[in-house]
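Worksheet for the structure shown next.
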Amino acid sequence: MMYAAIIVDIPNKAVSKIFEYEVPESMVSFTKVGHRVLVPFGSRTIQGFIVELKETVDYDTTKLKPIAKLLDIEPVLKPELVELSIHIADYYVDNYINVIETILPAALKSNYKKVLVGHDDAAIDWINARPKGPEVKYLTKEELKELRVFIKEERITEETIIKQHTAPKKALAVYAIVDDMNLENAPKQLELFYEIQAASEPTLMRNLTERGYSNHLVNELYKKGYIEKTEVEIERDPFKNKVFEADKKKALNAEQQENFNQIKQSIDARQDDIFLLHGITGSGKTEVYLQAIDVALQNGQEAILLVPEISLTPQMANRFKSRFGDDVAVLHSGLSPGEKYDEWRKIKEGRARVSIGARSNIFAPFENLGIIIIDEEHETTYKQNERPHYHAVEVAKVRAKYNRCPIVLGSATPSIESYARAEKGVYKLLELTKRAVNQTPIDISVVDMAEEHKRGNISIISDTLQDKIIERIEKEEQIVLLLNRRGYANFQLCQDCGHVSTCPHCDISLTYHKRKQNLMCHYCGYEETVKKVCAACDSTSVTFRGLGTEQVEEILRDTFNTDVVRMDFDTTKQKGMHEKLLNTFERENISILLGTQMIAKGLDYPNVTLVGVLNADTMLNLPDFRASERTFQLLMQVAGRAGRHQLPGEVVFQTYNKEHYAIQFATNQDYMGFYREEMDFRKVARYAPYYFHVLFTISSERMADVIEGAHHVHQTLSQQMSNTSIIVGPAPSPIERMNKQYRFQILLKYKRESGLMDVLKALDDHFFETYKAKGLLLKIDINPSLIM
DNA sequence: AGCACGCCGACT
DNA sequence: GTCGGCGTGCTC
């Protein structure tokens with residue numbers, strides 16, 4: 001007898017375990033690990049995934065049920081990804097099915113729907129008379145009453161159907177079914193018939209219309225019985241209307257060649273080495289990636305490329321498309337679920353051998369990986385902030401080991417942890433120190449805003465920056481300005497009583513958005529219309545403080561009498577707006593591009609010669625041990641946007657913390673200097689890479705419950721952890737209340753804890769079993785990227 | 001999650 | 001007397 005271990009498709013911790021089923025004799029020969037199946041579960045039938053096939057079983061054999069049905073011909077998950085799912089669920093303390101859902105395209109997620117089935121005419125009529133027909137939805141009290149009678153009399157039954165979100169897309173096509181025809185009097189029809197007959201496969205109707213044959217014309221041939229209609233599967237191709245110019249291999253310089261050779265050696269030898277490619281902006285990392293991928297392809301293997309957020313780096317994706325053509329699948333957040341499903345199938349069926357995408361692209365269903373490349377490895381987007389809280393680099397290491405292939409982590413400003421590993425020899429360090437195109441070095445200056453205020457300039461633009469902006473506008477060159485704060489004003493302040501409007505759910509000040517005339521919470525999305533009087537004392541002298549991009553856009557327009565493109569969350573949340581704004585900026589040679597940190601990434605415009613950071617301190621003051629690192633990386637990155645081509649570039653940082661080492665080292669473009677100083681801080685403060693971290697966040701609407709829960713976590717950790725570990729807290733989270741929930745946090749810092757995973761699992765179980773009903777939640781974040 | 005089972009109040 | 005409220009516990 002053959003049995004299957006199955007994970008059921010119900011996202012609830014209570015059923016996040018392995019259930020066992022019989023494989024019916026008739027199915028044995030084509031049932032495989034990774035198959036999607038339907039299984040009887042309690043009184044219903046649900047979807048599940050086979051994770052193991054075996055001869056023996058742990059559960060009571062008399063209670064076993066057989067698998068009802070296989071849902072696919074080929075398994076949707078390869079054994080590697082089944083193994084990986086289970087590993088991730090265990091490691092990051094999450095439900096199995098949550099992980100499987102993040103690995104598979106959303107289109108394969110089950111969608112249960114209850115429908116009514118009538119068994120006599122009166123019952124069927126009754127069902128159809130309801131506005132929603134057979135769907136069990138929006139039943140009124142009376143309808144429910146009537147329905148009960150039908151069900152009791154067994155004239156209507158309820159059935160659950162499992163619907164797929166997206167099926168392969170179909171389109172109408174036609175093909176010829178006769179050889180001889182009589183179309184002497186209809187030359188256009190004759191021409192069309194020959195066209196259809198000549199094709200080896202059915203011709204898509206839409207292609208015929210494109211070529212100028214009307215639907216009517218096709219239908220004439222159909223009516224006369226010369227052609228037949230059929231439905232064929234088609235691919236949604238998001239790049240359909242794009243033309244890619246072939247991109248040829250570029251000659252590597254000595255440094256690039258040396259690094260490339262090492263990577264090639266690893267690929268050829270099938271070693272799971274991890275390379276840290278530390279290359280300054282413009283040193284030609286991408287060309288090394290391209291050629292390394294080419295090696296894998298030549299060896300008959302596949303490649304994964306991860307980028308922080310693909311919509312921010314269209315130039316990169318285009319370049320890969322140009323080099324490798326149809327071999328490339330591109331997955332990004334702008335695609336519809338159907339488009340994503342098609343790109344996923346392209347990879348799975350071996351029609352694409354390179355896949356480019358953001359974080360979740362690490363799960364691309366390849367079978368024989370030759371290389372995994374993670375560009376801008378220091379970016380926080382590689383860590384998922386929802387469950388499962390996985391980090392793409394950590395997942396990459398597991399996949400690399402399984403596939404015996406190398407990983408390349410590329411960055412101009414590697415994360416402190418990665419560089420430390422490279423220094424220790426855990427990673428192999430590769431360096432690119434020369435710019436591929438010869439350029440004059442960037443000229444970076446710092447403006448002390450405190451000085452500026454003392455001199456009487458209270459504007460957000462310093463005199464120095466103002467002069468430089470005017471100079472560029474006169475020369476018709478372009479300027480990029482960064483302000484890491486969206487909205488119009490940071491908060492609303494009453495000048496009489498000092499009252500600041502705060503979010504009723506989040507204990508954080510509301511941001512004023514002028515265009516929408518409202519106050520918004522940037523954490524939970526709460527909105528209220530702005531009032532002209534103070535909510536606390538009815539005073540009318542309310543003002544707005546703390547400039548945001550919306551207001552600075554106005555200021556720039558007024559001061560410089562020029563066009564400004566503003567790019568922030570509010571102007572780019574609509575699909576395609578990102579690219580559109582950048583195109584406008586480039587094509588129309590708009591003087592100023594103003595934006596939040598999203599502009600720091602990937603921009604490469606030859607006419608940009610001045611970059612200004614209006615407030616370099618916003619990130620410095622975050623209550624997070626990585627605040628300096630973030631600031632340094634952002635400043636380095638944004639500075640790289642200036643003077644990328646022939647024209648010399650200039651950069652201005654405006655700050656109130658002129659002496660801060662993050663700003664100093666960024667000004668001198670000194671990564672190593674920053675790294676050394678930051679490492680000293682991490683060592684003294686006992687943070688990563690000297691310690692690993694786990695962040696526990698306990699939340700509930702009731703403060704008393706939060707305190708009780710936090711106490712329980714603290715006590716458990718104190719008892720179970722060794723004395724080499726440090727437990728910080730419990731303390732209120734930096735944003736004490738978010739979405740009506742009070743939040744407390746505990747940070748565990750450890751070097752080695754062999755029993756940690758069991759303790760985490762026990763804590764998670766305990767919260768589920770005893771506190772869930774109260775609405776008390778525990779979030780466990782392994783290696784958090786943000787401590788807030 | 002969803003469904004069955006089970007034990008208490010207000011209605012044909 | 002029954003219907004139906006939702007608390008509890010189980011699903012291979």
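Keep in mind the model is a prediction, meaning the values are calculated, not measured. Within every chain, numbering begins at 1; the chains are lettered A, B, ... in the order of the sequence lines, protein sequences first and strands thereafter.
For the ring-ring contact (aromatic ring centres under 6.0 Å, His included) test, no residue two or more places apart in sequence or in another chain qualifies with A:Tyr691. Under the side-chain contact (heavy atoms from CB on, under 4.5 Å) criterion, A:Thr770 pairs with A:His766, sequence neighbours left out. Not counting sequence neighbours, A:Lys17 has no partner by the salt bridge (Lys or Arg N to Asp or Glu O under 4.0 Å) test. Residues meeting the ring-ring contact (aromatic ring centres under 6.0 Å, His included) test with A:Phe366, sequence neighbours left out: none. A:Phe767 is linked by a ring-ring contact (aromatic ring centres under 6.0 Å, His included) to A:Tyr771, counting only residues two or more places apart in sequence or in another chain. Here A:Glu80 pairs with A:Arg399, A:Asn403 under the side chain to side chain donor-acceptor pair (under 3.5 Å) rule; sequence neighbours left out.
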Could you go over nucleotides 9-12 of chain C and give all protein N or O partners under 3.5 Å, atom names and distances?
unit_1, atom_1, unit_2, atom_2, d
C:dT11, O3', A:Gly42, N, 3.0
C:dC12, OP1, A:Tyr21, OH, 3.4
C:dC12, OP1, A:Pro40, O, 3.2
C:dC12, OP2, A:Lys65, NZ, 2.3
C:dC12, O3', A:Glu20, O, 2.6
C:dC12, O3', A:Lys65, N, 3.0
C:dC12, O2, A:Glu20, N, 2.7

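For residues 94-104 of chain A, proximity to DNA chain B is found at no residue, defined as any non-hydrogen atom under 4.0 angstrom from a strand atom.
Applying the salt bridge (Lys or Arg N to Asp or Glu O under 4.0 Å) test to residues at least two apart or on different chains, none of the pairs has a partner in residues 388-397 of chain A.
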